[in-house]
Each structure stands twice: as structure tokens, then as C-alpha cells.
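Notes to accompany the following structure.
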Protein chains: 2
Amino acid sequence: MKSNQITIKDIARELDISPSTVSRALKDHPDISPKTKKQVRELAEKLNYQPNSIALSLRSSKSNTIGVVIPQVVHFFFSTIISGIEDIAYAAGYSVMVAQSNESYDREVMDTKALFNNRVDGILVSMSRETTDYAHLEFLHNRGIPMVFYDRVCDSIDCSKVVVDDFDGGYRATKHLIEQGYKRIAHLAGPHSLHMFRQRLDGYKKALQEHGLPIDESLILPENASDDENVAKELTERLLNLDERPDAIFANNDIAALGAMITIKEHGLKVPSDIGIVGFSNWRFTALTEPTITTVAQPGFEMGQEAARLLIEAIEAKDDEVITSVTKVLKTELVVRGSSVK
Amino acid sequence: MKSNQITIKDIARELDISPSTVSRALKDHPDISPKTKKQVRELAEKLNYQPNSIALSLRSSKSNTIGVVIPQVVHFFFSTIISGIEDIAYAAGYSVMVAQSNESYDREVMDTKALFNNRVDGILVSMSRETTDYAHLEFLHNRGIPMVFYDRVCDSIDCSKVVVDDFDGGYRATKHLIEQGYKRIAHLAGPHSLHMFRQRLDGYKKALQEHGLPIDESLILPENASDDENVAKELTERLLNLDERPDAIFANNDIAALGAMITIKEHGLKVPSDIGIVGFSNWRFTALTEPTITTVAQPGFEMGQEAARLLIEAIEAKDDEVITSVTKVLKTELVVRGSSVK
DNA sequence: CTGAAAGCGCTAACAG
DNA sequence: CTGTTAGCGCTTTCAG
């Protein structure tokens, strides 16, 4: 199907003027006479002329497109981030190209390459879980293409980053439980290799210390409870069978929290009156009407917005401007629904 | 930051041959001598030459990009669709440009226009809830730009479509309840204006009839229970207070199902032993470990894949080929978790 | 005030 | 086998 694009030439021919005049008239260049401008604009309107953005991109070597590399689209947190990115990008006149790594390193390498080849003006990236080699990202960075990391950042590359304050989140979640009267708060860990989980654990410990509660290592289960519900259940089972069982559980995500909740109920105990739960919400709970679990909501939308803002700023900076890399740390929000009080 | 793109010219200059020779060598044109090819390829490799896809697009008037207009990104069903689209597009060498209408008609108009101006090769669209005027879509269609609708389709435009078989879903969900022994199945409706909800209701009725059960209008609540949990609760309340209360509930989405479940429990009744629930899962339940509720899962990933496949097929069809519009109807999947038997 | 020409990076006739 | 030329649609000097 041949698309009969109206071009600047068509208008020129019709009006018997030169293409350059049309171009100028269209962008309201002061040199052009009001009369010509009017004619051109009217004809353009009539023919429904739309500038060919590809030609523009080629000429200006600017595509007005930003690339987003994302580990998974089907994920509450990440989809929220996309939404935030889209929000800002759209308002600033940029299109958003999304490439999903599916948590695969190889795919991430291909994706960054593809986006680069598509000449995006800048790129937002959150690394896959597998990624430990940063050559593909360093390549882009060295190429001078503006880049901003969000959530899963790469420390060794000097560019702006947006992250969540997980320490603070872990701290506040725990503090909340303490203030509700819980005293023996267990901690279901996430994968220890990831920075954010260690941060949350540290926040948890700080809150305990601050309130004069002991850090009981038997309540801190190091196994990763946040990927498999059954693991979470097993670990909770173990906690409940302790001589001195916990009266609250800190879960690193929804899978862990849900597994814990189910097991607790199976034991005939009640949430939150017998055992309180606070869960980080990276997926389910934000959507879930579960008033018994206090959730730590991740600021996905804000993260997307902030990352897009920083990227666009970097893209639009004049060549001689010095862009200083900043790292934005966003706070989580503690969502207490209904009566989650002990 | 000036990006020093390596171009075909650079290679030509270095090797003291013409750009066209380089171009040909790079695409393994038979005319070029093996020696030249080798030289060119090696230098290209060494300089890390990457063809400028914008120049290619301009020349071929093909961008290898497909546009996706989506009502909401942060939605389990829709994000799954994006994932399916991305999957197919990536494999076929296309990039995906995502534009979110946020269920706004105006925004949808802007989005389609923006994608069009970005010269996407084709467009996948699911209409916003507000959309009742199709001029913007007809415009694209008349322009000859390949277009495929998914989920929220526009009947008046002749192009391929991918939809869910809601009648079948409603039918099977109801049938399942009946086979579990439930006899008085209530129906919490969705917004009556939307086709899919009427379809499900029809499926529900057919299942009842087929099994010789009466269609009791007092059990079919016409109010839209699927947007507001409180409405769902109220309606369930009303159902439970009937002289002959239902022994099962058909909910049109997770909000309705969840509201129903909570209310049922508040009445001291048990799900599913006292009252069974089947819920369409457009958001929460797919993610929710709720073994007491049977869910009708929407085939989002397949829908995205199928839509992308149809679109790419249309894009890549030769000009003289006749593309016949097809409408793919995808089946839902009934997910029975744990013991949802009465 | 307007036009001619060059060029963004690439490819494809058309000529050797 | 390889080079020259023209052109995709647009902007922007440079000349009038």
C-alpha cells in the first residue's frame, strides 16, 4: 500500500514557490511575507500536511524518541514505571520505545544495541537480574548517548540514577510494626545478592535497635522467600514452630507476604491480631484489597517520571553545558489499610 | 555531545573505494569481489559500524517500528498484551513504540497522530473507553497504514482484529460452577454498554439453560459491580439477603469477585463451600493466590502475539497481495486452583 | 522577501 | 567488478 505522503514539495509545486520557502513559511520564519505564509499554511492545512519526522531525524540527527530497557513489562512496579516515563515523555514531545529484556543478559545486550541503532536520543535502563557485565552499557555511555538508570542501577557508570530508598522503607515498615505493639518481628529475606534487599534488612535492624529491641538472628531467615510462594510458606512454618514464635513478619515482597499469610491462617492464627505482616509491594498487593497487610508501596510512577525528566534534561542540554550526574532517591509509601493495628 | 557515528563514507574513505561499493559489500552483493568484501567487513567490524536506521527508514520509507495504542499500561491484562507484542515484534526485527491513551479519547487521538507522524509501519490499537468517534482511526486506515485492533475493537473499520471469546468464557465459567453442584448462580454484571459484558451474560444464560436451570432475574444484578469494590459489596449484601439466596456468584472481574468474597465472609459464610465464586481476571486474580476463587484468565500474551503477527503480516505483504481481514477469537482459560469444589 | 544548492546516510539505477 | 549520480524529505546557508 503506497502511502501518498504530502510533502513540502507538493505544497511548493501547487503554490509555485520553492520548497525552502514553504519550509520557512511553515516555521514562521520572519523573512517570509505574511501573504505567502498564509497561503502556505492554508494549503498545508487543507492537504493535511504532516512533516516527515524521519527526514527531520536524519537531518537533525535527533529522533525525539527515548528507549526504555526494562526487565519485565508484566510486573506491577515496572509497568507503573513505564507509565511514568510515558507521561513525561509524551508531555515533552518524545515517543517511547520499549524493549523488554525478560531478565536475560543476552536479550538486554541485543535490546540496547537495537535501541542504539534506532537512534534513540537517550536511553533509560534497568538491568536484568543476570547482568554482571556492563560492557554493552559502557559502550553506549562512551558513545555519549544520554543514559539514566532506574531501580536496578549500575554503579560503575557515571550517569544519573533513580532509586528507591530501601533502607528507609525497611526502617519505616519495621518501625510501624513496633509502634503497633509487635515485639518479635521476623524477617523473610530476599535474594541476598541484590543490594536493595540488604538495605531493607539494614533498615529493619536499625528500627529494632532504635526501639531497644534485640536483633534475634533466629528470626532472620536468610533464604530467599520472595520468588517462590512455597518457600515462603515453608519458612513461615519454621518460624511458627519456634519455641518463641514471632508476632510479626517482615516480608520482602508480595509472594513472601502472601505465603506467610496463608501459612499463618492455616495454623489457626489471625492476621493481624495474632501476627502482623508488612510486605513490600512490587506486584500484587498494590492491587490487592488485603486490609490485614500493611504494604510498603514502591514509587514506580514517580520513578518513571523522574528518570524520564533527567534523561530529557540530559538530551536537551547544550553541547557546552556540563551535565552533572545526580542520583535521586525516592521514598516508599507506607500504606496502612483498614485496621492493621494489633 | 556530538555522536561521531561511523558511516559508510568513513569506511569508503579509509579503503579508498566508493560508498556504494561499501554498501554493496556490506550486504553481500554478488557483484563485489570477495577481497573487497572481506576488507570492508573487517573494517566495519573494527570500527563498529552500525547502519543508520533513520537513513534507511527515510530511503525505504519503512521504519521497522510498530506503534501500540493502549488504554492503560498499568493493568495486568494490557501489560501482558504488550509483552506478547514485544515478543513477536522483537523476533521479527521490529521495535515497539508504546503510547498510552489513559482511557482518554483526546489522548488517543493525539497518540495515533503522533505514531503516524513517527512513521510507524503499522499500528495496533485498543480503544479507550471514551472512544465513540472513529474518525482518527478511519483516517489512518484510509491512509493505508496497516492496522490491527485488539481487545477493544472498532466494528466499522475493515481490518484484522483479535478479541476474546467472552461468550465462551461466560459459558464455561458458569458451566464449571454448575458441575461443581451449584444451582443458584448470581450474576454481578459489568457496564452494560460494553459488548464483552453482554457476551458473558449471554454465555452465563446459555449454560444455565443447557443444564436445565432457570434464569432467575432476581439473581442477575444489572448494576455495574466491576469498577467499585463497595458497589460489589453492596450488591452481594443484597443477594445474601434474598429469601432464597444464591449458592454461587459469577463476577465480571476481580474487583467484583473480591468485593463479593469479603462480603460473604463477613456474613460468616465460607467460600467455596457455602458460596462459590468464579471471577474474570483482568487485573488482580491472575496475580492473586486465592485458591477459593476459580478464575477465567484472559489470554493477554497470546492476544498480543496474535495481533503483532497479523500486523506484521499486513505490513510485509506485497503491494499487489490482497490482505483479507480476519478476526481471531481467543479462548479464555479456566483456572481452578486448589479445592474449589463445593 | 525568495530561490538554488548542498547535505543528513544510505541505496539503486545506470555507466562504465 | 566498481564508481557516479540521483534522490528519500527536510532545513539552511548562501546568493540574489
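The chains referred to below are lettered A, B, ... by the order of the sequence lines, with proteins before strands, and numbering in each begins at 1.
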Between B:I6 and A:R143, what is the shortest heavy-atom contact and its length?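 For B:I6 versus A:R143, the nearest heavy atoms are CG1-NH2, 4.1 Å.
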
Atom-pair distance ([atom1] on [X]; [atom2] on [N]), nearest Å:
X	N	atom1	atom2	value
A:K37	C:dC1	NZ	P	9 Å
A:I54	C:dG7	CD1	C1'	18 Å
A:D28	C:dT2	CG	P	13 Å
A:K38	C:dC1	NZ	P	16 Å
B:I17	D:dT4	CD1	P	12 Å
B:D10	C:dC8	CG	C1'	13 Å
B:L26	C:dG9	CG	P	15 Å
B:I11	C:dG9	CD1	C1'	12 Å

Sidechain N-carboxylate O distance under 4.0 Å for A:E86, B:R107: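 A salt bridge is present here (some side-chain N lies under 4.0 Å from a carboxylate O).
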
Looking at residues at least two apart in the chain, or sitting in another chain, which of them share a side chain to side chain contact (heavy atoms under 4.5 Å, CB included) with B:D16? none

Phosphate oxygens OP1/OP2 of C:dG3: is one of them under 4.0 Å from a side-chain N or O of A:S18?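 Result: yes.
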
Can you find a side chain N or O atom of A:S33 that sits less than 4.0 Å from OP1 or OP2 on C:dT2?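 Yes, within the criterion.
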
A quick test of your reading: do over 12 heavy atoms of other residues, nucleotides or ligands sit less than 6.0 Å from NZ of B:K37?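 It does: B:K37 NZ has more than 12 such atoms within range.
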
Just wondering, more than 12 heavy atoms not from A:K62 lying within 6.0 Å of its NZ? yes

Contact class for B:S60 vs. all strands (heavy atom < 4.0 Å): base, sugar-phosphate, or nothing?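 No contact at all - B:S60 keeps every heavy atom at 4.0 Å or more from the nucleic acid.
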
Which part of the nucleic acid, if any, lies within contact of A:T36, taking any heavy atom under 4.0 Å across all strands shown: a base, the sugar-phosphate backbone alone, or nothing?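 Sugar-phosphate: the residue A:T36, judged by heavy atoms under 4.0 Å, touches backbone atoms but no base.
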
Step by step, would you call B:M127 with B:E108 a side-chain contact (heavy atoms from CB on, under 4.5 Å)? CA-CA 8 Å; B:M127 296 186 302; B:E108 181 180 303; 4.0 Å; yes

Contact string for nucleotides 10-16 of chain C, one letter per nucleotide 5' to 3', B = base within protein heavy-atom range under 4.0 Å, S = sugar-phosphate only, - = neither, reads BBBB---

Ignoring hydrogens and angles, state whether a donor on the side chain of A:S325 or A:D158 is under 3.5 Å from an acceptor on the partner side chain. yes

